[in-house]
Amino acid sequence: MALLEVDNVSKAFGSLKAVDQVSFKVEAGEIFGIAGPNGSGKSTLFNIITGIPFGPDGGSVRLDGVDLQGLPGHSIARLGLARTFQRETSFDGLTVFENALIGSTYGKPGKPSAEAHGRAADALELMGLRSAGFGRLAGELSVFDRKCLMLATAIAMGPRILLLDEPASSLTKPEIEASIDLIRRTAERGITIVLIEHVLTFLMSLSQHLMVLNNGQVLASGVPQSVIADPRVVEAYLGTRRAA
Ligand code: ADP
Ligand code: MG
């Protein structure tokens, strides 16, 4: 059984079918890439899988065999599914360490345990945020460091599967290289990763499986090298039909 099974999910906004009968399976331990032009439904797909802020209109999502239908976002997170957002989000008035602690104490009311402190520090260090900077306010960090903090906070939750929405957006080339390395390190921890990215080269260097969305539907899915060679994918990305 796959770790994540998404079966025929859809989400409409009025007459717009943002996600239209999408199905896929993510095996434990893999990095599963999702590509597609802007507006193709990638972020909406994450929204309906995580229930934040809404679930699907139809279809089903199973995490390790457990049907997530109707569960609120926080219950889904507690089952081991965490996500990051396309725009870096953090509690800007809290320190770096306090942000990560929110992840590691999620769903565990009361005073943070020593174990939660350890998990927060470990996640921050894994994401390259050094202990000397743990007391800085999140709002003072650079865009790149805020993205690293958002990742660290999600990792501190101890997820089995992590959904990353365009982690490379608005980063410079060297920062993109650095985030590829951070995502690899996360996967080496045994966390399964579903990675949305608009930039194909980013996905190609990380993913074992690639799915391309277009107009809310699955356009192609399979081994990354063959998927990007698919003429329909080329057309969706370049927007032109190549002359025969
Ligand atoms: P992507 O992440 O691939 O760029 P999105 O999933 O954000 O695409 O959006 C898919 C389509 O759904 C777009 O046309 C977008 O404008 C629309 N959409 C997304 N979220 C909403 C919403 N909350 N209300 C109305 N339309 C939305
Ligand atoms: Mg998006």
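Just follow the structure's listing: the first ligand is 1, and inside any ligand the first atom is 1. Here the structure is a predicted model, which means the values were calculated and not measured. Keep in mind that the numbers below use all heavy atoms, side chains included, and drop hydrogens, waters and symmetry copies.
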(request) Under the side-chain hydrogen bond (donor to acceptor under 3.5 Å, both in side chains) rule, collect the residues that match up with D181, sequence neighbours excluded. (result)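 Here the qualifying residues are R185.
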(message) Using 30° and 60° as the class boundaries, would you call the ring planes of F54 and F13 parallel, tilted or perpendicular?
(response)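 Judged by the thresholds at 30° and 60°, the geometry between F54 and F13 is perpendicular.
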(request) List every atom of ligand 1 that sits less than 4.0 Å from any heavy atom of L16, numbering the atoms from 1 in the order shown and giving each element. (result)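 Selected atoms, number and element: 11 (C), 12 (O), 14 (O), 17 (C).
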(request) For N38, take its heavy atoms, then give the atoms of ligand 1 lying under 4.0 Å from any of them. (result)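 So the atoms of ligand 1 that pass are 4 (O).
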Classify the side-chain pair [X]/[Y] by whether it contains a donor and acceptor separated by less than 3.5 Å.
X: S10; Y: N8; result: no
X: N99; Y: T153; result: no
X: S60; Y: Q69; result: no

Please tabulate, one pair per line, all N/O donor-acceptor pairs under 3.5 Å involving side-chain atoms of residues 24-40, not counting sequence neighbours.
| unit_1 | atom_1 | unit_2 | atom_2 | d |
| --- | --- | --- | --- | --- |
| E30 | OE2 | E27 | N | 2.9 |
| S40 | OG | P37 | O | 2.6 |

Looking at [atom], what's its closest protein heavy atom, distance included?
atom: atom 5 (P) of ligand 1; answer: T44 OG1, 3.6 Å
atom: atom 22 (C) of ligand 1; answer: F13 CE2, 3.4 Å
atom: atom 7 (O) of ligand 1; answer: S43 CB, 3.8 Å

(message) Is atom 16 (O) of ligand 1 touching the protein, meaning some protein heavy atom lies under 4.0 Å away?
(response)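 No.
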Just distance, no hydrogens or angles: give the donor-acceptor pairs under 3.5 Å from side chains in residues 71-84, sequence neighbours left out.
| unit_1 | atom_1 | unit_2 | atom_2 | d |
| --- | --- | --- | --- | --- |
| R83 | NH1 | N47 | OD1 | 2.8 |
| R83 | NH1 | I52 | O | 3.1 |
| R83 | NH2 | N47 | OD1 | 3.4 |

Do the side chain of [X] and the main chain of [Y] share a donor and acceptor less than 3.5 angstrom apart?
X: S113; Y: A116; answer: yes
X: E5; Y: V61; answer: no
X: D20; Y: N215; answer: no

(message) Below 3.5 Å, N or O to N or O, backbone or side chain included: is there any such pair between G41 and ligand 1?
(response)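 Yes, there is a polar N/O contact under 3.5 Å.
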(message) Is it the case that ligand 1 has an N or O less than 3.5 angstrom from some N or O of G39?
(response)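 Between G39 and ligand 1, an N or O pair is found under 3.5 Å apart.
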(message) Yes or no: does G36 have any heavy atom under 4.0 Å from an atom of ligand 1?
(response)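 Per 4.0 Å heavy-atom rule, G36 does not contact ligand 1.
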(request) Run through the protein N/O/S atoms less than 2.8 Å from the Mg ion (ligand 2) and write them out by chain and number. (result)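 As for protein N, O or S atoms lying under 2.8 Å from the Mg ion (ligand 2), they are S43 OG, Q86 OE1.
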